[in-house]
Structure formats: C-alpha cells, structure tokens
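See structure below.
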There are 2 protein chains.
Amino acid sequence: MTKITSCEVDTALELITGKWKHSILLVLINGDTLRFSELKRALPKISQKILTAQLRDLEEQDIVIRTVYPEVPPRVDYRLSEYGKTLIPILEAMNEWGMRHAERMRSN
Amino acid sequence: MTKITSCEVDTALELITGKWKHSILLVLINGDTLRFSELKRALPKISQKILTAQLRDLEEQDIVIRTVYPEVPPRVDYRLSEYGKTLIPILEAMNEWGMRHAERMRSN
DNA sequence: CCGTATCCATGGCGATACTG
DNA sequence: CAGTATCGCCATGGATACGG
C-alpha cells in the first residue's frame, strides 16, 4: 500500500474545493454538454463572475473542455474531459459518505 | 446508481477542507494515537490556535476522539474514531488521483 | 503541556454595472 | 450571450501573548 501524503491529497482537494467547484462538476456529470447560461440556470445562486472564474480554473487543469463557437450571439459550451471524468469516483465516494453521515447525525 | 447530490458531497467536503484538516487526519491515520504536542511537531507550520480549533471541529463531528488525562502537567491525546476511519477510502482515492495528476502535469 | 484571548492580514466570494 | 471591471465584505487563517 502506498502511503497517503498530504501533498497529493491537496492536489485533488484543490480541484474540487472552492465554494462552487464541485457543484459545477456535478452539474456537468449529470448534464453532459452545457452552455454557460445553462450552467448559470442550474446554479442560480452563483454570480456570473465566480462561475466564469471557476470554469476557467477547471479548464486550466484539463478537467473541463470549453468550446467557443464563432457566432453571433456568442455560444460557449462546457463539458467534462475524459480526464475530468476520473474525478467521478471521488465525488461518488464523498456523496455516499455524506449520506451516511447525515443519517448518523440525524439519529442522535 | 444513486445520483450524486451537491449537498451530500458538501457534507464530506466540509470535514476535510480547511487548510489543515486533511493533513491532521493523515497524521492520525499514520500515527495512531498522538498527543497534542506530537501533532504540533508533525505539522510545524500550523499555529497552536488553528490546530486546536480544527481538532475541536473534528471532535465535534465524531471523527476524532480527544482524551484528557487529569494529570500535571496536562496530557491530551487524539485518535481517529472508528467512524473517522471510514474517511480513509476517500483520502486514499484523492491521494491516488493527486499522484496521477501531478505526473500528468509534469509530462506536459 | 495544552490550551485561550487579541488583534490583524488576506483572499475568496459577491453585488452590481458595463461591453463585444 | 457570455463574459470583464470595480469595489467591498467578511470568514479563515495566523502571530503573538498570556493562563490553568
């Protein structure tokens, strides 16, 4: 077994933390390819500025693919890269753990 | 398959985010039962105040067990609860992912 | 030894307005 | 439609000093 190091965990953690990043990822997991406005609609409480910033971060890490269509009015869409999909098991593990945790806290 | 929800992922995420929480968990995973001073030594860059605060958080969530010995000088030790150990798979998954990500970024 | 108390810095987040 | 530009808040983190 490989020893878990703080540094490597950090790497993964940075990608999904930030108040919104994991929510964005989940929307993309469930929704396939989405336009900016669709993402915005799926996450009503995030401001445009933050949404843009987080998407740019994810793009820079090759997690998300951003496609710009040279049209008027502009069209841009976003989807998970194949690489980004490798994060799904982590999100699934956290989801399952979170459900059990909620239940545990409820039954106190 | 259960749909992953942002809310449940959030629950898990909150427990291991914060600049130091996951590092503390890793030290406890590898080190079993540790005194406060040992944790402090293992994480030289964290301030006493923050270390205390994060440990209290983890205790409150039943992730970590804090034991106070009524001695002079005081002795307090910390260990992962059985419940806390259920987080290990998540940390392992993130660790593995982080290693591959680092390698990927290196080979650009 | 294991904390609390105080005070301060920083940067992530956000509201709002504007633009190609 | 899909973004920048500005400005400001405040929560998290941190340095330092003190206390049981």
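Numbers restart at 1 for each chain; the letters A, B, ... are given by sequence-line order, proteins then strands.
For B:Lys40 (side chain) and B:Arg35 (main-chain N/O), no donor-acceptor pair under 3.5 Å exists by modelled atom type. The main-chain N or O of A:Ser23 is never found under 3.5 Å from a side-chain atom of B:Ser6 such that the two would form a donor-acceptor pair. Not one N or O on the side chain of A:Thr86 forms a donor-acceptor pair closer than 3.5 Å with the backbone of A:Glu82. A:Asn30 places a side-chain N or O within donor-acceptor distance of the main-chain N or O of A:Leu26, the cut-off being under 3.5 Å.
Annotation for A:Leu80 and A:Ile88: closest pair CD1-CD1, 4.4 Å, computed over non-hydrogen atoms.
Across A:Arg66, A:Glu59, A:Glu38, a single residue satisfies side chain to side chain donor-acceptor pair (under 3.5 Å) together with A:Tyr78, and that is A:Arg66.
Under the 4.0 Å criterion applied to side-chain N and carboxylate O atoms, A:Arg100 and A:Glu96 are assigned as salt-bridge partners.
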Nucleotides 8-15 of chain D: protein proximity per nucleotide (B base, S sugar-phosphate only, - neither; heavy atom, under 4.0 Å): -----SBB
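At the heavy-atom level, A:Tyr78 lies under 4.0 Å from the strands shown only through sugar-phosphate atoms.
Ring pair A:His101/B:Tyr83 is parallel by interplanar angle, where below 30° counts as parallel and above 60° as perpendicular.
Contacts between chain A and DNA chain C, taken as any atom within less than 4.0 angstrom of a protein heavy atom, begin and end at C:dC13 to C:dG20.
Within the 4.0 Å cut-off from OP1 or OP2 of D:dA2, not a single side-chain nitrogen or oxygen of A:Arg75 is found.
The residue among B:Thr52 and B:Arg41 whose nearest nucleotide of DNA chain C is located toward the 5' end is B:Arg41.
For B:Glu71 and D:dG20, the CD to C1' distance is 16 Å, given to the nearest whole Å. Between A:Leu51 atom CG and D:dC1 atom C1' the separation is 13 Å, expressed in whole Å. The nearest whole Å value for the distance from the CG atom in A:Leu34 to the C1' atom in D:dC1 is 15 Å.
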